[in-house]
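Bear in mind the structure is a predicted one, so any value in this text is a computation, not a measurement. Note that these values count all heavy atoms, side chains included, but never hydrogens, waters or copies made by symmetry.
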Amino acid sequence: MALALISLLAGVLVTGTTHLLDEGTKTPSEMLLKAIADSRRMAVQNDCEVTLAFNRDARAFVLTSYKTGTGVVAASLPVTAEGDFGLDFLVPRKGNSVLIGGVLVETSTLPSVSFYADGTCTAFRAQITGTSDPEVIAIDPWTCAPVHEKKPDVL
């Protein structure tokens with residue numbers, strides 16, 4: 001009886017631990033921030049420039065290393081987020097916008113962004129479309145961290 005109880009408790013603990021360690025489905029913005037952190041880490045650790053691009057067809061972030069002077073794809077991070085979405089890298093300041101289906105979408109895009117060995121990156125913003133409203137995340141070029149914009153107080 002005691003052996004059965006111990007095995008039952010062990011099964012519950014193993015199952016519970018597995019669920020705690022499972023990262024689950026991430027949102028596109030969470031996956032973008034992970035790709036940014038990985039790109040920065042790769043650039044600093046390998047003392048080289050790394051570019052980050054988003055391949056829409058493959059649904060993956062592509063990290064390219066420029067240590068030897070030629071671009072070598074160092075990593076491809078598949079996006080496991082559910083649903084259809086798009087991701088564009090934008091210039092640092094608001095640029096041209098168009099109204100598509102009643103949603104204002106920016107069109108001043110960059111093909112990729114660069115991360116440098118000193119831990120900095122090009123100034124950019126990322127726009128995630130396909131959700132209810134486009135989400136724009138500004139990235140600080142000195143820390144490569146998201147910039148939380150202060151929203152104006154509504155009276």
Student: Counting C-beta onward and ignoring hydrogens, is there a side-chain heavy-atom pair between Ile137 and Ser29 closer than 4.5 Å?
Tutor: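 Yes; the side chains approach each other to less than 4.5 Å.
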Student: Enter the distance from Asp118:CG to Trp142:CH2 here, rounded to the nearest 0.5 Å.
Tutor: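 Here the rounded value is 8.0 Å.
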Student: When rounded to the nearest 0.5 angstrom, what distance separates CZ in Phe89 from CD1 in Ile36?
Tutor: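 Between atom CZ of Phe89 and atom CD1 of Ile36 there are 6.5 Å.
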Student: Please check this pair: side chain of Arg125 against backbone of Pro92, looking for a donor-acceptor N/O pair closer than 3.5 Å.
Tutor: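 At least one qualifying donor-acceptor pair exists.
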Student: Are Leu77 and Val44 linked, directly or through other ILVMFWY residues, by side chains that come within less than 4.5 angstrom of each other?
Tutor: no
Student: Report the residues that fulfil side-chain hydrogen bond (donor to acceptor under 3.5 Å, both in side chains) with Ser112, sequence neighbours left out, ordered by chain and then residue number.
Tutor: none
Student: State, to 0.1 Å, how close Phe115 and Ala43 come at their nearest heavy-atom pair, and which atoms those are.
Tutor: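 Closest pair (atom of Phe115, atom of Ala43, distance): O-CB, 3.8 Å.
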Student: For a side-chain contact (heavy atoms from CB on, under 4.5 Å) check, start with the C-alpha distance between Ile139 and Cys121, then their side-chain angles and the critical distance, and finish with the verdict.
Tutor: CA-CA 9 Å; Ile139 302 298; Cys121 65; 4.1 Å; yes
Student: Which pairs with one or both residues in residues 36-55 pass salt bridge (Lys or Arg N to Asp or Glu O under 4.0 Å), sequence neighbours excluded?
Tutor: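 Matches after skipping sequence neighbours: Lys34-Asp38, Asp38-Arg41.
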Student: How close do Met42 and Cys48 get, counting heavy atoms only, and between which atoms?
Tutor: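 Nearest heavy atoms, Met42 then Cys48: O-SG, 4.4 Å.
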Student: Taking only residues two or more places apart in sequence or in another chain, which ones pass side-chain hydrogen bond (donor to acceptor under 3.5 Å, both in side chains) with Thr122?
Tutor: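 Listed in chain order: nothing, the list is empty.
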Student: Apply ring pair (Phe, Tyr, Trp, His ring centres under 6.0 Å) to Tyr116 and list each qualifying residue two or more places apart in sequence or on a separate chain.
Tutor: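 So Tyr116 forms no ring pair (Phe, Tyr, Trp, His ring centres under 6.0 Å) with any residue.
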Student: Would you give me the side-chain donor-acceptor pairs under 3.5 Å for residues 51-61, sequence neighbours excluded?
Tutor:
{"from": "Asn55", "atom 1": "OD1", "to": "Asp57", "atom 2": "N", "distance (Å)": "3.1"}
{"from": "Asn55", "atom 1": "OD1", "to": "Ala58", "atom 2": "N", "distance (Å)": "3.0"}
{"from": "Arg56", "atom 1": "NH2", "to": "Leu87", "atom 2": "O", "distance (Å)": "3.4"}
{"from": "Arg56", "atom 1": "NH2", "to": "Asp88", "atom 2": "OD1", "distance (Å)": "2.8"}
{"from": "Arg59", "atom 1": "NH1", "to": "Gly83", "atom 2": "O", "distance (Å)": "3.0"}
{"from": "Arg59", "atom 1": "NH2", "to": "Ala81", "atom 2": "O", "distance (Å)": "2.5"}

Student: Indicate if Val113 and Leu33 have the same hydrophobic cluster label, given that clusters are the connected sets of ILVMFWY residues with side-chain heavy-atom separations under 4.5 angstrom.
Tutor: yes
Student: Between Ala126 and Leu32, which heavy-atom pair has the shortest distance, and what is it?
Tutor: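 It is CB-CD2, 3.4 Å.
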